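Heads up, the thing below is written out as structure tokens.
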Amino acid sequence: MAKELTPRSENYSQWYNDLVVKADLAENSAVRGCMVIKPYGYAIWEKMQAELDRMFKETGHSNAYFPLFIPKSFFSKEASHVEGFAKECAVVTHYRLMNDPNGKGIIVDPDAKLEEELIVRPTSETIIWSTYKNWIQSYRDLPILVNQWANVVRWEMRTRLFLRTTEFLWQEGHTAHATSQEAIAETEQMVNVYANFAEQFMALPVIKGSKSANERFAGALETYTIEALMQDGKALQSGTSHYLGQNFAKAFDVKFASKEGNVEFVWGSSWGVSTRLMGALIMAHSDDNGLVLPPKLAPFQVVIVPIYKNEEQLAAISEKVNSIVTKLRSVGISVKYDNNDNKKPGWKFAEYELKGVPVRIAIGPRDLENGTVEVARRDTLEKQVVSMENIELYVQQLLNDIQDNIFNKAIIFRKEMTTPVDTYDEFKEVLQNKGGFILAHWDGTSETEQMIKDETKATIRCIPFDQVPEEGTCMYSGKPSKGRVIFALSY
RNA sequence: CGGGGUGUAGCGCAGCCUGGUAGCGUGCGUCGUUCGGGACGACGAGGUCGUCGGUUCAAAUCCGGUCACCCCGACCA
């Protein structure tokens, strides 16, 4: 066994790291905190991008591209925004290198200092709103519904493949509207798009809700989030959508003439998901044998492994396989035929299990005689010998079953790992011994949330949209509360 | 930035305490036998032991400096 994973029960975090590397998704690069996303991992990201991009366009958005660099002065224009990002910005100060006069390689040319430093974007609100100022004069120019696919840099202290890297890939939508109602509707629409994507494609159940003031995006009036629960009982913020009010319009003086002839500031939203979704996908479904991918996002949904003793057998099998491949593709199933002669079937079985391919078809001499194939599903590891007749319909149904099954499993897990508590002692007990989402009453103040965070590291993941109204008292302060919020330890 | 740890073959590690021929697993190459759950045998290629300096007849090993990376904390999508 060349590629054994650390079991989850032994060390969940190690399991995750092992899995990312051994399933060939990504690896650490020569640059501190930055990862190389390998072809197999990138293929999954491309699948996610394709679906999200389609969903954005269906809701009326267009893609555009803004600069990687942001003049430093732009950042100071929105006070809470700079406050939130200042500590993690990479800064470009020079534009030229030169040979070291002391002969020790290459140094930064001290004469090539920039007049104004450039920030490598940690997010693009500032550069985009400075641009929108030029695009908007009248209500007729609104709304602007733009998305960009980009990389951003946040100089984090500690990084983990996909979950938190110094540079990461994401999309950021930035919209401008004539009314606050419209901007809020957009913010809500996009958090719903994210939730639908997570649940329908990633098979990842999420809870939609609002962030508390402490956890809100720097510069937003309101942050909506989708929160997912990982197998170790920790929460992962998987996507956010921010209602910006007129904050950035005021900071960058973006005004429009309304229908009534008044000059008003524009209302905004921004929303994003990142390669962190890869981390969520990996952790949500995978097991000690490796990755488990939802069929809708797998780079290939079916792998076919031939079993043979000699060239003639392989030729006979390959002929059958070709017809199977054609049939599968005809119903839109993606297939890889692995006839690599350098690896044995056993090796291939283990390898594709590790890589999370949803369905494996093995075909050997026995099958040729019987007109059958062996079909194995990754989620349950069950194997079944089925007829080659109508194989495409069987596999199509199986892929649907797998997609549903892993989603249902995740829902059941979340249900088991969601615990209502009424006292702070109970809260600490559950947090320590069980983890997961904890539903508790909170008095609504930042102070209380901060105290709980300082004492337990748990934060309010969100105030759920579907919060049940319920009179209660804050577990920490005893003050009145009108409903439970979700606490958890988080990534 | 505080605490801990590690740099030796592509990868994972042993050797260091007690200085004296550079070692194991895996991976890689060739050949043969294998092939329905990570095959086996034979032969072979591959390392100025992170780096700079010191001690010594002799340094992977002892001493000092330095660099890099990893883990735990504070920060975070």
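Chain letters run A, B, ... following the sequence lines, proteins first and then strands; every chain starts at 1. Nothing here was measured: the structure is a model prediction, and the numbers come from that model.
- A perpendicular orientation is assigned to the rings of A:W170 and A:F168, their planes being inclined by more than 60° (bins at 30° and 60°).
- The gap from the P atom of B:U48 to that of B:C11 amounts to 13 Å, rounded to the nearest Å.
- The nucleotide B:G19 finds no pairing partner, because no Watson-Crick or G-U wobble arrangement with both distances shorter than 3.5 Å includes it.
- Under 3.5 Å, the side chain of A:K383 and the base of B:G37 form at least one donor-acceptor pair of N or O atoms.
- Of the nucleotides present, B:A68 is the one that pairs with B:U6 by Watson-Crick or G-U wobble criteria, both distances under 3.5 Å.
- Only the P atoms considered, B:U55 is 32 Å distant from B:G3, to the nearest whole Å.
- The interatomic distance linking A:L381 (CG) with B:G36 (C1') rounds to 17 Å, in whole Å.
- For A:K344 and A:W347, the positive end is not near the middle of the six-membered ring at less than 6.0 Å and at most 45° from its axis.
- Each of A:G346 and A:T166 lies near RNA chain B, and the nucleotide nearest A:G346 is the one positioned closer to the 5' end.
- Residue whose closest nucleotide on RNA chain B sits further toward the 5' end, between A:N17 and A:P365: A:P365.
- Taking the C1' atoms as reference points, B:U18 lies 16 Å from B:A58, given to the whole Å.
- B:C57 and B:A14 have their C1' atoms separated by 29 Å, with the value rounded to a whole Å.
- At the heavy-atom level, A:R360 lies under 4.0 Å from base atoms of the strands shown.
- For A:E215 and B:C75, the CD to P distance is 11 Å, given to the nearest whole Å.
- One atom, CD1 of A:I317, and another, P of B:G36, lie 12 Å apart when rounded to the nearest Å.
- The separation of B:G15 from B:U8, taken at their P atoms, amounts to 14 Å, rounded to a whole angstrom.
- Using N1 to N3 plus N6-O4 or O6-N4 for Watson-Crick, or N1-O2 and O6-N3 for G-U wobble, each under 3.5 Å, B:A77 pairs with nothing.
- Checking the phosphate oxygens (OP1, OP2) of B:G38, no side-chain nitrogen or oxygen of A:K344 falls inside 4.0 Å.
- Comparing the P positions of B:U61 and B:A9 gives a spacing of 15 Å, expressed to the nearest Å.
- Each of B:C35, B:A74, B:A77 was ranked by its minimum atom distance to the side chain of A:I307; first place goes to B:C35.
- For the atom pair A:E186 CD and A:H61 NE2, the distance stands at 3.5 Å (nearest 0.5 Å).
- Atom CG of A:L354 and atom C1' of B:G37 are 14 Å apart (whole Å).
- When rounded to the nearest whole Å, the span between CG of A:L489 and P of B:A74 equals 11 Å.
- Note on A:E353 versus A:R360: salt bridge recorded, some NZ/NE/NH1/NH2 to OD/OE distance being below 4.0 Å.
- Pair check for B:U33 finds B:A39; Watson-Crick or G-U wobble, both atom distances under 3.5 Å.
- Within the 4.0 angstrom heavy-atom criterion, base atoms lie near A:D367.
- The side chain of A:R32 lies closest to B:C69, out of B:C69, B:G37, B:A74.
- Side-chain atoms of A:T165 lie closest to B:A77 of the nucleotides B:G36, B:A77, B:C28.
- At B:C35, one or more side-chain N or O atoms of A:K309 fall inside 4.0 Å of OP1 or OP2 (strictly under the cut-off).
- Separating the C1' atom of B:G23 from that of B:A60 is a span of 12 Å, rounded to the nearest Å.
- Rounded to whole Å, the distance from NZ on A:K453 to P on B:A74 is 9 Å.
- In the model, A:Y491 has a side-chain atom that pairs as donor or acceptor with a side-chain atom of A:D232 under 3.5 Å.
- For the pair A:Q384 CD and B:G37 C1', the interatomic distance rounds to 18 Å; values are reported in whole Å.
- Aromatic ring pairs are classed by plane angle as parallel below 30°, tilted from 30° to 60° and perpendicular above 60°; the pair A:Y12 and A:W15 is tilted.
- Across every strand in view, B:C11 sits in a pair with B:G25 that passes the Watson-Crick or G-U test at under 3.5 angstrom.
- As rounded to whole Å, 14 Å separates atom P of B:A77 from atom CE of A:M157.
- Side-chain proximity of A:A350 to B:G36, B:G37, B:C69: nearest is B:G37.
- Under the Watson-Crick and G-U wobble criteria, each requiring two contacts below 3.5 Å, nucleotide B:C49 is left unpaired.
- Atom C1' of B:G20 sits at a distance of 46 Å from the matching atom of B:U34, rounded to the whole Å.
- A cation-pi geometry, defined here as NZ or CZ lying under 6.0 Å from the six-membered ring centre and within 45° of its normal, holds between A:K77 and A:F74.
- Residue A:Y224 forms a ring-ring contact (aromatic ring centres under 6.0 Å, His included) with just one option from A:F217, A:F465, A:Y243, and that option is A:F465.
- Listed candidates were B:A77, B:G36, B:G73. Nearest to the side chain of A:F168 is B:A77.
- With both pairing distances under 3.5 Å, B:C62 is matched to B:G54 as a Watson-Crick or G-U wobble pair.
- Counting any heavy atom pair closer than 4.0 Å across all strands shown, A:E156 reaches a base atom.
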